[in-house]
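Beneath this line is the structure, given in structure tokens, with notes to follow.
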Amino acid sequence: MQYKAYSLQNLRTLPQLTHLSEEQIRDIEIVGSVLPFRVNDYVAGELIDWSSIPDDPVFVATFPRREMLPAQDYSRLRSLHDSGADAETIKKTVNEIRMGLNPHPAGQIDYNAPVFKGERLPGIQHKYRETVLVFPEQGQICHAFCTFCFRWPQFTGIDELKMSSRGAGTLLEYLAAHPEVTDVLITGGDPLVMKTDILAGYIEPLLAADAPNLQTIRIGTKALSYWPYRFTTDRDADSLLELFRKVGHSGKHLAFMAQFNHPVELETEVVKQAIERIRETGAVIRTQSPLLRHINASPEIWADMWQKQVALNCIPYYMFVARDTGAQRYFSIPLTEAWQIFYEAYRSVSGLCRTVRGPIMSCLPGKVQIAGAGRLSGEDVLMLEMIQGRSPDWVGRPFFAAHDDKAAWLSDLKPAYGEEKFFFQDELDGMLQPGEADSAGGW
Ligand SMILES: *Cc1c(COP(=O)(O)O)cnc(C)c1O
Ligand code: SF4
């Protein structure tokens with residue numbers, strides 16, 4: 001299949017557009033000027049069932065719609081467009097709206113970019129002791145953009161919202177200076193939009209350096225789901241798989257972290273073939289997805305998805321809570337409901353699917369799992385537990401929040417049992433620079 005992508009510029013040439021009304025197309029254009037929009041012909045032609053528009057889950061996941069913006073922002077932008085306002089005015093409004101959508105949740109830029117030799121490293125994040133994240137400059141785009149994306153500012157063209165790294169040089173130095181790091185996670189955007197030789201420019205120096213601490217190279221990608229031809233018929237598909245093999249032969253583990261949001265993404269012949277080809281290289285595919293209203297908010301969908309993944313030799317890894325950024329208002333699910341969906345699905349599948357952990361909030365102190373909900377010692381509570389923490393000592397210590405039907409993020413929760421703060425609060429405050437806590441936009 002030849003790759004063809006559609007963005008706002010050529011949206012009106014997308015063949016399937018005949019299924020939409022002029023009003024729906026207009027909304028894609030208006031909302032798509034704030035939240036990034038891009039789709040390709042595999043997603044549009046093979047994954048979306050156009051007879052179920054507008055409720056089709058992959059359509060919801062890739063096409064912007066009115067409800068994804070706050071109502072007053074939508075009307076403001078709409079009237080500017082309708083009255084033929086000039087490009088400069090529209091751009092200014094678009095940027096204001098973007099800044100109101102919490103572009104950098106959980107203090108990603110303020111707190112996770114490490115300082116090395118007196119300078120903040122561009123395109124590298126180091127939050128949890130063992131794992132360093134790399135954002136290669138050429139991988140800051142995706143085969144199609146997800147409307148729920150928490151990395152959306154990467155694609156807006158606003159420079160100060162971007163994180164990106166050029167080459168492996170500083171990364172190698174950083175690894176040598178940090179023997180506690182065992183994992184390098186190459187992420188984006190989607191690093192597998194990069195040509196193999198550019199990706200190799202990051203991976204081969206890592207292998208050549210033969211850093212004794214480095215055990216695992218992870219690649220976070222949506223390519224399996226949105227462009228499986230990357231592993232089958234693309235011109236450099238074979239050389240990509242050869243690169244994966246090389247990682248294995250050098251004694252490192254290649255962990256392929258695939259995002260799948262709905263079982264339909266696992267059903268085409270080409271995705272099955274792609275999974276098989278990746279697995280033949282020795283790489284292990286682990287899967288993750290956020291829990292999203294209008295896309296996958298039911299235990300049946302998750303159980304089906306995990307079972308299909310296990311049947312295809314993939315390992316379910318994470319279920320995330322939708323982050324407090326971008327179009328979250330449209331996708332968000334209260335934490336108690338998230339817990340119910342997770343456990344109902346979890347109880348209905350075999351132990352081989354229960355490698356998955358969730359629901360997890362990736363927030364300022366760490367990855368916080370909702371481990372239980374119910375009545376304990378006379379109070380309705382949520383039991384929480386960190387499975388990753390800014391301090392490794394926080395991991396695995398249960399803590400309790402008062403039950404709250406509406407809470408959708410850690411920052412909405414209050415400690416239970418009359419406690420004033422959660423156990424990690426003082427230590428966390430001490431880690432953040434004075435005065436910076438406000439700019440983190442909460443947790
Ligand atoms: C999730 C995450 C990791 C990886 O954590 P694991 O528990 O090892 O999967 C690393 N860094 C950041 C910032 C993360 O959010
Ligand atoms: S694939 Fe990931 S980074 Fe790319 S748009 Fe989707 S959620 Fe965002």
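When a ligand or atom number is given, it counts from 1 through the structure's own listing order.
Using a 3.5 Å distance cut-off with no hydrogens or angles, the side chains of W409 and Q328 do not pair a donor with an acceptor. Checking D234 against Y3 by side-chain atom types alone, no donor-acceptor pair falls below 3.5 Å. Between R230 and T196, the side chains place a donor N or O and an acceptor N or O closer than 3.5 Å (distance only, hydrogens not considered).
Aromatic ring centroids of F256 and F231 lie under 6.0 Å apart.
In this structure, F63 and F37 have tilted ring planes: the angle between them lies in the 30° to 60° band. Between H178 and F116, the angle of the ring planes lies from 30° to 60°, which puts this pair in the tilted group. Using cut-offs of 30° and 60° on the angle between ring planes, the pair F320 and Y318 is tilted. Aromatic ring pairs are classed by plane angle as parallel below 30°, tilted from 30° to 60° and perpendicular above 60°; the pair Y229 and W227 is tilted.
One option in Q125, Q388, K367, K127 has a heavy atom closer to atom 3 (C) of ligand 1 than any other, and that option is K367. If you check each of K222, Q259, R38 against atom 7 (S) of ligand 2, the one with the closest non-hydrogen atom is Q259.
Scanning all protein heavy atoms for the shortest distance to atom 6 (Fe) of ligand 2 gives C146 SG, 2.3 Å.
At least one heavy atom of R218 sits closer than 4.0 Å to an atom of ligand 1. Not a single heavy atom of G188 lies less than 4.0 angstrom from ligand 2.
Ligand-side atoms of ligand 1 in range of Y128: 2 (C), 3 (C), 10 (C), 11 (N), 12 (C), 14 (C), 15 (O), range being under 4.0 angstrom from any heavy atom. In the vicinity of L133, heavy-atom distances shorter than 4.0 Å reach the ligand 1 atoms 10 (C), 11 (N), 12 (C), 13 (C). For ligand 1, the atoms lying closer than 4.0 Å to a non-hydrogen atom of S362 are 15 (O). Close contacts between ligand 2 and C142 involve ligand atoms 1 (S), 3 (S), 4 (Fe), 5 (S) [criterion: under 4.0 Å to a heavy atom]. Of all atoms in ligand 1, numbered sequentially from 1 with element shown, those under 4.0 Å from a heavy atom of Y318 are 5 (O), 6 (P), 7 (O), 9 (O). Atoms of ligand 2 lying under 4.0 Å from at least one heavy atom of F145, given by number and element, are 5 (S).
For a distance bound of 2.8 Å, the N, O or S atoms of C149 include none lying that close to atom 4 (Fe) of ligand 2.
Using a cutoff of 4.0 Å between basic side-chain nitrogens and carboxylate oxygens, R357 and E385 are not scored as salt-bridged.
Remark: ligand 1 and R357 share no N or O pair separated by less than 3.5 Å (distance only, no angle test).
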